[in-house]
Amino acid sequence: PTTRRLITRRLCEDVERNPQPLVGLLAVAAKKPAAYQADILAGLVEGFTGWRKAPKPASWDAFVAAAPKDDPALQARVRDLSALFGDGRALDEVKRIALDTSAPLDARKAALRTLIDNRPGDLRAICEQLLGERWVNAVAVRGLALFDDPAIGIKLAKSYRAFHPSERALLIAALVSRSGSARALLHLINFDEPFGLSVVEALACGTPVIACNRGSMPELIDDGVTGF
């Protein structure tokens, strides 16, 4: 299984220059058992990680038709890859899952990540719609961070209480990552913090930081220059 996965991942690297090896592998896999197909799909997912769009192999449709329909995990990977290959119907299904409040949480979050990677025209509207839904909104923030619009910063700030306390740092990071979203980061810690990730993110984006003079703050902030 590992060998099949690694071979598939390697073939993905050359798919634009030499697609035939991957085409041939998918044609063979279409006639194999589900376990074999799952290994190939795992390699495809790994090989295309980071791609916003990839050329569809000529044998992909035949592979999809042969894939077992009673395996949810396998079908989820087929759907995500089809969206990556530009299948509008697959992308519509991904949107449906992301917005379906009755769908499993992990499936919704995975679907939303797929949308963010593909960046459809209505991505902003979808992410804004999910801001009020706890746990899913932590992924939606990542999508909204792609848009440099001060109005988004206002919406993010207003949705602060909708986020679980453990994920509010993600919201703060998104706010300070755009200079138009925050005048400054108010980091009033009451302990000797050894390292402030949100502080570093703010400073990297040119957002000044106002913090207490304790912990690592004096080392991170140039008083009067990058903050106070």
Side-chain angles (χ1 to χ4, degrees), residues 1-127 129-130 133 135-136 138-140 142-146:
T2 300
T3 301
R4 287 195 291 265
R5 176 175 57 82
L6 293 177
I7 289 174
T8 306
R9 187 174 72 180
R10 177 64 183 86
L11 294 180
C12 291
E13 296 176 7
D14 295 329
V15 69
E16 292 181 315
R17 293 173 297 177
N18 184 22
Q20 288 309 310
L22 184 58
V23 170
L25 178 61
L26 287 171
V28 170
K31 302 174 184 178
K32 297 292 185 178
Y36 188 105
Q37 294 176 351
D39 296 334
I40 301 303
L41 285 171
L44 289 170
V45 170
E46 292 179 9
F48 287 123
T49 296
W51 290 52
R52 288 182 54 195
K53 191 172 183 180
K56 184 174 75 171
S59 54
W60 175 250
D61 289 340
F63 178 88
V64 172
K69 304 300 186 290
D70 58 350
D71 187 333
L74 189 146
Q75 282 298 313
R77 285 187 162 178
V78 167
R79 182 180 58 247
D80 291 346
L81 286 165
S82 292
L84 180 69
F85 296 147
D87 187 336
R89 292 171 301 176
L91 198 58
D92 287 341
E93 177 63 10
V94 172
K95 292 178 185 178
R96 185 194 67 77
I97 293 173
L99 295 171
D100 185 0
T101 55
S102 64
L105 178 60
D106 288 344
R108 297 186 68 196
K109 293 169 75 172
L112 186 53
R113 292 189 193 100
T114 297
L115 291 176
I116 293 171
D117 290 339
N118 283 271
R119 301 188 188 181
D122 54 351
L123 176 62
R124 174 173 174 172
I126 292 172
C127 291
Q129 183 176 338
L130 295 173
E133 294 191 38
W135 305 116
V136 181
V139 182
R142 178 186 154 205
L144 291 174
L146 299 172

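Of all the heavy atoms in R124 and L144, the pair that sits closest is O-CD2, 3.9 Å. Closest non-hydrogen pair, I97 versus A111, comes out as CG2-CB, 3.9 Å. The nearest pair of heavy atoms linking L112 to A98 is N-CB, 4.1 Å. Contact record, V15 with P55: CG1-CG, 4.1 Å, taken as the closest heavy-atom pair. Heavy-atom minimum distance, S82 versus A90: CB-CB, 3.5 Å. Taking both residues in full, the closest heavy atoms of A42 and R5 are given as CB-CD, 3.9 Å, listed atom of the first, atom of the second, then distance.
Applying the ring pair (Phe, Tyr, Trp, His ring centres under 6.0 Å) rule to pairs touching residues 100-126 yields nothing, sequence neighbours excluded. Applying the ring pair (Phe, Tyr, Trp, His ring centres under 6.0 Å) test to pairs two or more places apart or on separate chains, none has a residue in residues 5-24. Sorted by first and then second residue, the ring pair (Phe, Tyr, Trp, His ring centres under 6.0 Å) pairs with a member in residues 70-125 read F48-F85, W60-F85; sequence neighbours excluded. Residues in residues 64-76 take part in no salt bridge (Lys or Arg N to Asp or Glu O under 4.0 Å) pair, two or more places apart or across chains.
Taking CD1 of I40 as the reference point, atom CZ of R77 lies at 12.0 Å (rounded to 0.5 Å). For the atom pair CZ (R142) and CZ (R113), the distance works out to 7.5 Å, reported to the nearest 0.5 Å.
Counting heavy atoms from C-beta outward, D61 and K56 have side chains that approach closer than 4.5 Å. Within the 4.5 Å cutoff, no side-chain heavy atoms of R52 are placed close to those of D117. Residues N18 and Q20 have side chains in contact (heavy-atom distance under 4.5 Å, counting atoms from C-beta outward). Counting heavy atoms from C-beta outward, D80 and V45 have side chains that stay 4.5 Å or more apart. With contacts defined as side-chain heavy-atom distances shorter than 4.5 Å, the pair L123/N118 does not qualify. Side-chain contact between L81 and L41: present, with at least one pair of heavy atoms (C-beta onward) separated by less than 4.5 Å. P21 has its side chain out of reach of D14: every pair of non-hydrogen atoms, C-beta onward, lies at least 4.5 Å apart. Between P68 and Q37 the shortest side-chain heavy-atom distance falls below 4.5 Å.
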Ignoring hydrogens and angles, write down the donor-acceptor pairs under 3.5 Å from the side chains of residues 22-35, residues two or more places apart or on other chains.
none

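For R9, the side chain to side chain donor-acceptor pair (under 3.5 Å) partners are E46, not counting sequence neighbours.
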Given the rule in the side chain to side chain contact (heavy atoms under 4.5 Å, CB included) test, do I116 and V139 qualify, once you have shown the distances and angles that lead to the verdict? CA-CA 9 Å; I116 293 171; V139 182; 4.0 Å; yes
